[in-house]
Amino acid sequence: MRTRIKEYRLRNNLTQAQLADLVHVTDRTIISIEKEKYNPSLMLAYRLAQVFHTTVEDLCQLAENMRLEDEENENL
């Protein structure tokens, strides 16, 4: 799943470790999310959105990800 977490993190001058501390996860979790290797839980996505004063929908690009998923499913 694509997210805007790295974009928001850099815009707010936070390291991965600093962001991880703010949302009570390891820096490996943040790294994995940014590399699209791990999808955050709903609660983690909500915590991240609160840190950046945005919505889960915006942060996790839900509309874009749904469109991409729909396109992939059309080919099944």
Side-chain angles (χ1 to χ4, degrees):
M1 176 171 76
R2 295 179 184 176
T3 70
R4 299 178 69 201
I5 292 169
K6 184 174 183 178
E7 173 188 337
Y8 275 95
R9 180 177 61 76
L10 293 174
R11 189 183 306 159
N12 286 272
N13 298 312
L14 292 170
T15 65
Q16 291 167 327
Q18 289 170 327
L19 179 56
D21 287 343
L22 290 172
V23 295
H24 314 294
V25 297
T26 67
D27 57 337
R28 294 295 317 157
T29 299
I30 301 300
I31 291 165
S32 295
I33 293 169
E34 289 184 357
K35 290 184 175 183
E36 299 178 16
K37 302 287 184 197
Y38 175 76
N39 293 332
S41 68
L42 180 57
M43 188 56 64
L44 178 54
Y46 185 69
R47 287 179 189 274
L48 289 161
Q50 284 189 314
V51 166
F52 297 125
H53 306 286
T54 190
T55 64
V56 172
E57 290 87 353
D58 177 56
L59 187 66
C60 293
Q61 298 178 283
L62 294 181
E64 174 71 10
N65 282 305
M66 187 171 72
R67 183 186 63 74
L68 291 171
E69 186 177 279
D70 287 348
E71 288 175 3
E72 289 174 8
N73 289 331
E74 285 177 1
N75 298 325
L76 296 177

- To the nearest 0.5 angstrom, please state how far the OG1 atom of Thr3 sits from the CG atom of Asn65. 8.5 Å
- Residue set satisfying side-chain contact (heavy atoms from CB on, under 4.5 Å) with Asn73, at least two apart, ordered chain then number -> Glu69, Leu76
- Message: Just to verify, what does Asp21 make a side-chain contact (heavy atoms from CB on, under 4.5 Å) with, not counting sequence neighbours?
- Response: none
- Only counting residues at least two apart or in another chain, list the ones meeting side-chain contact (heavy atoms from CB on, under 4.5 Å) with Glu64. Arg2, Gln61, Arg67, Leu68
- Query: Can you name the residues that form a side-chain contact (heavy atoms from CB on, under 4.5 Å) with Glu34, not counting sequence neighbours?
  - Reply: Ile5, Lys6, Arg9, Gln16, Ile30
- Would you say Leu48 and Leu22 are hydrophobically clustered, going by side-chain heavy atoms of ILVMFWY under 4.5 Å? yes
- Residues two or more places apart in sequence or in another chain: which of them pass side chain to side chain donor-acceptor pair (under 3.5 Å) with Thr29? Thr26
- Message: Can a donor-acceptor pair be found, under 3.5 Å and without considering hydrogens, that links the side chain of Asn12 to the backbone of Phe52?
- Response: no
- OG (Ser41) and CZ (Arg47) are apart, to the nearest 0.5 Å, by 8.5 Å
- Would you please test Arg4 and Arg11 for side chain to side chain contact (heavy atoms under 4.5 Å, CB included) and show each step? CA-CA 11 Å; Arg4 299 178 69 201; Arg11 189 183 306 159; 3.8 Å; yes
- Query: Is there a chain of hydrophobic side chains (I, L, V, M, F, W, Y, each step under 4.5 Å between heavy atoms) that links Leu62 to Tyr38?
  - Reply: no
- Message: Looking at every non-hydrogen atom in both residues, tell me the closest pair between Pro40 and Ala45 and how far apart they are.
- Response: CB-N, 4.2 Å
- Task: Output the distance between atom CG (Asp27) and atom CG (Leu19), rounded to the nearest 0.5 Å.
- Result: 10.5 Å
- Query: Are the side chain of Asn39 and the backbone of Met1 linked by a donor-acceptor contact shorter than 3.5 Å?
  - Reply: yes
- Candidate pair Val25 and Ile33, rule side chain to side chain contact (heavy atoms under 4.5 Å, CB included), full reasoning: CA-CA 11 Å; Val25 297; Ile33 293 169; over 6 Å; no
- Out of curiosity, Glu7 CD to Leu59 CG, how far, rounded to the nearest 0.5 Å? 9.5 Å
- Check side chain to side chain donor-acceptor pair (under 3.5 Å) between Thr15 and all other residues, then give those that pass, not counting sequence neighbours. Gln18
